[in-house]
Q: 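Quick one: the structure is below, questions incoming.
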Amino acid sequence: MRVYLPCTLPALAAAVEAGGLGPAPLIGYAVTPALTEWYASGDTEELEYVALTEAARASLRMLAADRADGVDAPPRRVVIAVEVPDRSVIFRAELEERARVQLSDVVPMTKVAAVHVDDLDAAADVDAALAALPAADEGDDDARFTVDGAEAHELMWYATQEIPDLLRP
């Protein structure tokens, strides 16, 4: 099953060094029965895009947490696409995050299919979204608009052999 794991560039570097993504359980996003039911008119590609988008939103929150913890993370959302056995995926049907799943196992780097990362051109909008996130969570429409501005940027696709290039300063 294809699962999209939210990440940051520092966390990706740590996963490469460790040889895998963990510790388990890991939160990810996938085409779940709840997502398929909710988005009944969508084909598999559209549903995977929804799951990828939800993972990108979670990546933004991971960036915010990193910054709050003093981690110097570049303002680029990161989503890691992995192929895992169906048995390791636990579906978590939640109304607001229909694509959310939990992985019960550590994911070795050999299971990474691709990495999706913001282009450098998105950095200013991601920075603005990070600054606006607390107000957006409080219901501020202007802040929500700013956060949505980061989502206007499509994540770039990188093959696994390109990961070292992404991690170079």
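For the numbers below, each heavy atom of this structure counts, side chains included, while hydrogens, waters and symmetry mates do not. Keep in mind the model is a prediction, meaning the values are calculated, not measured. Along the sequence shown, residues carry numbers from 1.
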Q: Mark yes or no for whether Ser59, through its side chain, and Cys7, through its backbone, hold a donor-acceptor pair below 3.5 Å.
A: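 At least one qualifying donor-acceptor pair exists.
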
Q: What is the distance from atom CG of Leu130 to atom OG1 of Thr146, rounded to the nearest 0.5 Å?
A: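 That separation rounds to 11.5 Å.
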
Q: How far apart are the closest heavy atoms of Ala73 and Leu63, and which atoms are they?
A: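 Closest approach of Ala73 to Leu63, heavy atoms only: CB-CD2, 3.7 Å.
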
Q: With a 4.5 Å cut-off on side-chain heavy atoms, are Tyr4 and Glu54 touching?
A: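 Of all side-chain heavy-atom pairs linking Tyr4 with Glu54, none is under 4.5 Å.
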
Q: Between Ala150 and Ala129, which heavy-atom pair has the shortest distance, and what is it?
A: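 Smallest heavy-atom distance, with atoms named: CB-CB, 3.8 Å.
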
Q: Looking at CG of Leu103 and NZ of Lys111, how far apart are the two atoms once the value is rounded to the nearest 0.5 Å?
A: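 Result: 12.5 Å between the selected atoms.
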
Q: Does any non-hydrogen side-chain atom of Val78 lie less than 4.5 Å from one of Met62?
A: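 Heavy-atom side-chain distance check fails, nothing below 4.5 Å.
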
Q: Taking C-beta and beyond as the side chain, do Val84 and Asp105 meet within less than 4.5 Å on heavy atoms?
A: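 No, every pair of side-chain atoms sits at 4.5 Å or beyond.
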
Q: Quick one, Val31 with Arg2, criterion side chain to side chain contact (heavy atoms under 4.5 Å, CB included). Give me CA distance, side-chain angles, the key distance, then yes/no.
A: CA-CA 8 Å; Val31 177; Arg2 173 68 51 107; over 6 Å; no

Q: Between Leu60 and Leu155, is there shared hydrophobic-cluster membership here, with clusters defined by ILVMFWY side-chain heavy atoms closer than 4.5 Å?
A: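 In one cluster: no.
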
Q: Could you go step by step and tell me if Leu133 and Arg61 meet the side chain to side chain contact (heavy atoms under 4.5 Å, CB included) rule?
A: CA-CA 8 Å; Leu133 200 52; Arg61 294 201 174 274; 3.7 Å; yes

Q: So, taking the atom named CZ in Arg100 and the one named CD1 in Ile90, what distance separates them when rounded to the nearest 0.5 Å?
A: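 If we round to the nearest 0.5 Å, Arg100:CZ and Ile90:CD1 are 12.0 Å apart.
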
Q: Do the non-hydrogen side-chain atoms of Thr160 and Val115 ever get within less than 4.5 Å of each other?
A: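 They are not in contact (no side-chain heavy atoms under 4.5 Å apart), so the answer is no.
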
Q: Go through Arg77 and Val117 one step at a time and tell me if the side chain to side chain contact (heavy atoms under 4.5 Å, CB included) criterion holds.
A: CA-CA 6 Å; Arg77 297 167 300 157; Val117 181; over 6 Å; no

Q: For the hydrophobic clusters of this structure (ILVMFWY residues joined by side-chain heavy atoms under 4.5 Å, transitively), does one cluster hold both Val16 and Val107?
A: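 Hydrophobic grouping puts Val16 with Val107.
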
Q: Quick one: CG on Leu35 to CZ on Phe91, what's the gap to the nearest 0.5 Å?
A: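 Leu35 atom CG to Phe91 atom CZ measures 10.5 Å (nearest 0.5 Å).
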
Q: Under a 4.5 Å side-chain heavy-atom rule over Ile, Leu, Val, Met, Phe, Trp and Tyr, are Leu52 and Met1 clustered together?
A: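 Result: no, two separate clusters.
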
Q: May I ask you to say whether Asp141 pairs ionically with Arg144, meaning some side-chain N is under 4.0 Å from a carboxylate O?
A: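 So Asp141 does not pair with Arg144 through a salt bridge.
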
Q: Do the side chains of Glu151 and Asp125 get nearer than 4.5 Å, heavy atoms only?
A: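 Answer no - side chains too far apart.
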
Q: How far apart are the C-alpha atoms of Met109 and Ile163, what are their side-chain angles, what is the distance that settles it, and do they pass the side chain to side chain contact (heavy atoms under 4.5 Å, CB included) test?
A: CA-CA 11 Å; Met109 289 302 291; Ile163 293 173; 4.2 Å; yes

Q: For the OG1 atom of Thr36 and the CZ atom of Arg98, what is their distance to the nearest 0.5 Å?
A: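 Nearest 0.5 Å value for the OG1-CZ distance: 11.5 Å.
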
Q: Measure the shortest side-chain to side-chain distance between Thr8 and Arg67 over non-hydrogen atoms and say whether it is less than 4.5 angstrom.
A: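 No, every pair of side-chain atoms sits at 4.5 Å or beyond.
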
Q: Does Glu48 use its side chain to pair, donor to acceptor, with the backbone of Glu45 at less than 3.5 Å?
A: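 No, the answer is negative, given that no donor and acceptor are paired below the 3.5 Å cut-off.
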
Q: Transitively linked via ILVMFWY side-chain contacts under 4.5 Å: Ile80 with Ile27?
A: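 Ile80 does not cluster with Ile27.
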
Q: Check whether any side-chain N or O of Asp119 sits under 3.5 Å from a backbone N or O of Ala122 as a donor-acceptor pair, and report yes or no.
A: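 No; zero donor-acceptor contacts below 3.5 Å.
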
Q: Please answer: with hydrophobic residues joined when any side-chain heavy atoms are less than 4.5 Å apart, are Val79 and Val50 in the same cluster?
A: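 In one cluster with Val79: Val50, no.
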
Q: Between CG of Leu167 and CG of Leu9, what distance do you get to the nearest 0.5 Å?
A: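 Here the rounded value is 6.5 Å.
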
Q: Over all heavy atoms of both residues, which pair between Ala24 and Ser104 is shortest? Give the atoms and the distance, please.
A: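 Smallest interatomic distance, heavy atoms only, reads CB-O, 3.5 Å.
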
Q: Find out whether Val112 and Leu21 are in side-chain contact, i.e. whether some heavy atom of one side chain is under 4.5 Å from a heavy atom of the other.
A: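 Side-chain contact under 4.5 Å: yes.
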
Q: For Ala58 and Tyr29, work out which heavy atoms get closest and say how close.
A: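 For Ala58 versus Tyr29, the nearest heavy atoms are CB-OH, 3.7 Å.
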
Q: Taking atom CG as the centre, does Asp72 end up with more than 12 heavy-atom neighbours from other residues, nucleotides or ligands that are less than 6.0 angstrom away?
A: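 Result for CG/Asp72: open.
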
Q: Can you see which heavy atom on Ala143 is nearest to which on Ala136, and at what distance?
A: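 Minimum heavy-atom contact is CB-N, 3.4 Å.
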
Q: So do Met156 and Asp118 actually touch side chain to side chain, heavy atoms under 4.5 Å?
A: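 No - every pair of side-chain heavy atoms lies 4.5 Å or more apart.
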
